[in-house]
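A short write-up of the structure that comes next.
Source: prediction; values computed, not measured.
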Amino acid sequence: MSGTQRDSFTVSDSARFDFVVIILALLTAFAPLSIDMYLPAFTAIAADYQTDTHRVELSLSAFFFGLFIGQLLYGTATDKFGRKKPLYIGLAIYVVTSIACAWAPDIEWLIVLRFFQAIGACAGIVIARAVVRDLYTPQASARVFSFLILVMGVAPILAPLFGNYVTEWFGWRAIFWIVSVLGVACAFVIHLVLPETRGRRYDVRMRHSGRTYWDVLKDRSFLRYSLTGGIAQAGLFAYITGSPLMFIELFNFTPSAYSWLFGANAVGIIGFSQLNGWLLKYYPARKILNVSLPILAVVSVGMAVAAYVKAPVWGILVPLFAYISTLGLVFPNAMAGALANQQERAGSASAVTGSLQFLIAGLVSMGVNSVSGLTDYAMAWVIGSTGIIAVVTYWLMRYEEPESAA
């Protein structure tokens, strides 16, 4: 399996291979799980530390910046040492820092520890994407990324609900004990099931990491798709950062109602990602992206208008659902396009594209935090901008590509 690319992904593949793909999806889900599960606990964390939710939001921004920096640490390492050894190191960091988060004595410590927890969590993101590129052709990889989003989508549906009840029954610190146990269990399953898809390469030098990353960034096709996907996905992180404040404090949602709202939007992105998998049987990934990006821009304008008129809750919920759902069409195809020409340096390319996305996410998260001091509709204003900027970036960076590129 490690020596060839699969031309397509079908549910009729061997049970072992299906299980491997599910493991990859779970690895990719560690970061969103670590985000989504503690969102309903923001109020409880703030009360415990005798601070406000704006300070708690900084722990989320720190997590995003940890994902940005951490992925660069794993990129060249996974191309040099293989996929599994760096993954074990990342999971070990994740487990240790998750336990430390559970013991954090104050909000400052929690913010710092969340940064290092993210460095552990992002190993799964980088390496799962690299393994997909090891095994799949560019067109087929877009279908696999759609499947990964299906499994990842379970986290936003169940994690806030689960996190809310855990917080009510056992306190918010129990959330971090639970994810640490999940990290240990995942490491054990990986040891038994996940194959090594790329052996150690002695021609790859860690000291050349910067040069490798720069070479990746100079690939115009890579940069076009990575920036487009990262900017579009930034709207999702604006939603993650700003939604507790908007819906719980402005619109008076209970933590339970907020959790159900979060799950409903996750259903949208799951459904559209599976629609994307079906569309890829008939259309190239790039053509789907050409149609879905303008749709994203249109609903972004709707979100901006809703913010301008200070719309009631349904005026926010409708374009929000449309935006999050459309990401199920945009993100898998943008990711496949970014990695299409990066087979020999898939780990490094995966690290760079992930770091770009979470650098943008971290900046957007901080932006939401800053703008929220000026308007209660900060989340809506930021999301209203991301879709428009994403489509402008995509078209400004266009050039004549070979049809096989994406």
Once rounded to the nearest 0.5 Å, what's the spacing between atom [atom1] of [X] and atom [atom2] of [Y]?
| X | Y | atom1 | atom2 | value |
| --- | --- | --- | --- | --- |
| K287 | L289 | NZ | CG | 13.5 Å |
| I190 | L24 | CD1 | CG | 8.5 Å |
| I119 | Q71 | CD1 | CD | 11.0 Å |
| L279 | F272 | CG | CZ | 10.0 Å |
| I248 | F253 | CD1 | CZ | 9.5 Å |

Does [X] have any side chain to side chain donor-acceptor pair (under 3.5 Å) partners at least two apart in sequence or in another chain, and if so, which?
| X | result |
| --- | --- |
| S226 | T353 |
| S292 | none |
| S98 | Q117 |
| D106 | none |

Partners meeting side chain to side chain contact (heavy atoms under 4.5 Å, CB included) with [X] (sequence neighbours left out):
| X | result |
| --- | --- |
| F188 | L192 |
| W103 | I99, W177 |
| Y49 | I45, T51, A104, I107, L110, W172, R173 |

May I have the step-by-step check of side chain to side chain donor-acceptor pair (under 3.5 Å) for N333 and Y225, ending in yes or no?
CA-CA 9 Å; N333 299 309; Y225 287 108; over 6 Å; no

Note: D52-R55 ion pair, threshold 4.0 Å (strictly below):
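Between R55 and D52 there is no salt bridge, as every charged N stays at least 4.0 Å from the carboxylate O atoms.
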
Find out whether [X] and [Y] are in side-chain contact, i.e. whether some heavy atom of one side chain is under 4.5 Å from a heavy atom of the other.
| X | Y | value |
| --- | --- | --- |
| F237 | T386 | no |
| L261 | L317 | yes |
| F176 | L113 | no |
| M246 | Y239 | no |
| R114 | I111 | no |
| L27 | C186 | yes |
| V216 | D219 | no |
| L33 | L182 | yes |

Those residues that, when tested against F116, pass ring-ring contact (aromatic ring centres under 6.0 Å, His included) (two or more places apart)
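ring-ring contact (aromatic ring centres under 6.0 Å, His included) check on F116 returns nothing, list empty.
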
Can you list the residues that meet the ring-ring contact (aromatic ring centres under 6.0 Å, His included) rule with F321, with sequence neighbours excluded?
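Checked F321 against ring-ring contact (aromatic ring centres under 6.0 Å, His included); zero matches.
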
Run the side chain to side chain donor-acceptor pair (under 3.5 Å) check on N265 and Y323 step by step: do they pass?
CA-CA 9 Å; N265 284 315; Y323 188 98; over 6 Å; no

For side chain to side chain contact (heavy atoms under 4.5 Å, CB included), just list the numbers for I178 and F162, CA-CA rounded to whole Å, side-chain angles, deciding distance to a tenth of an Å, and then say yes or no.
CA-CA 11 Å; I178 291 170; F162 185 68; 3.7 Å; yes

Would you please say whether a donor-acceptor pair under 3.5 Å links the side chains of Y394 and N290?
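On atom types as modelled, these side chains qualify, holding a pair under 3.5 Å.
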
Any donor-acceptor N/O pair, T97 side chain to A100 backbone, under 3.5 Å
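Judged by distance alone, no pair lies under 3.5 Å.
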
Ignoring hydrogens and geometry, is there a side-chain-to-backbone donor-acceptor pair from S273 to I270 under 3.5 Å?
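Such a contact is found between S273 side chain and I270 backbone.
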
Mutual orientation of the aromatic rings belonging to F251 and Y377 [parallel < 30°, tilted 30-60°, perpendicular > 60°]
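Perpendicular.
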
Identify the heavy atoms of S34 and Y94 that sit nearest to each other, and give their distance.
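Result for this residue pair: OG-OH, 2.6 Å.
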
If you look only at distance, which donor and acceptor atoms sit under 3.5 Å apart when one is on a side chain in residues 300-313 and the other is two or more places apart or in another chain?
{"unit_1": "S300", "atom_1": "OG", "unit_2": "L296", "atom_2": "O", "d": "2.8"}
{"unit_1": "S300", "atom_1": "OG", "unit_2": "G387", "atom_2": "N", "d": "3.3"}

With a cut-off of 3.5 Å and sequence neighbours excluded, list every side-chain donor-acceptor pair involving residues 59-69.
{"unit_1": "S59", "atom_1": "OG", "unit_2": "Y38", "atom_2": "OH", "d": "2.7"}
{"unit_1": "S59", "atom_1": "OG", "unit_2": "V56", "atom_2": "O", "d": "2.5"}
{"unit_1": "S61", "atom_1": "OG", "unit_2": "S365", "atom_2": "OG", "d": "2.8"}

List for me each residue that meets salt bridge (charged side-chain N to carboxylate O under 4.0 Å, His left out) alongside E168, sequence neighbours excluded, and say none if there are none.
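Partners of E168 by the salt bridge (charged side-chain N to carboxylate O under 4.0 Å, His left out) criterion come out as none, since no residue qualifies.
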
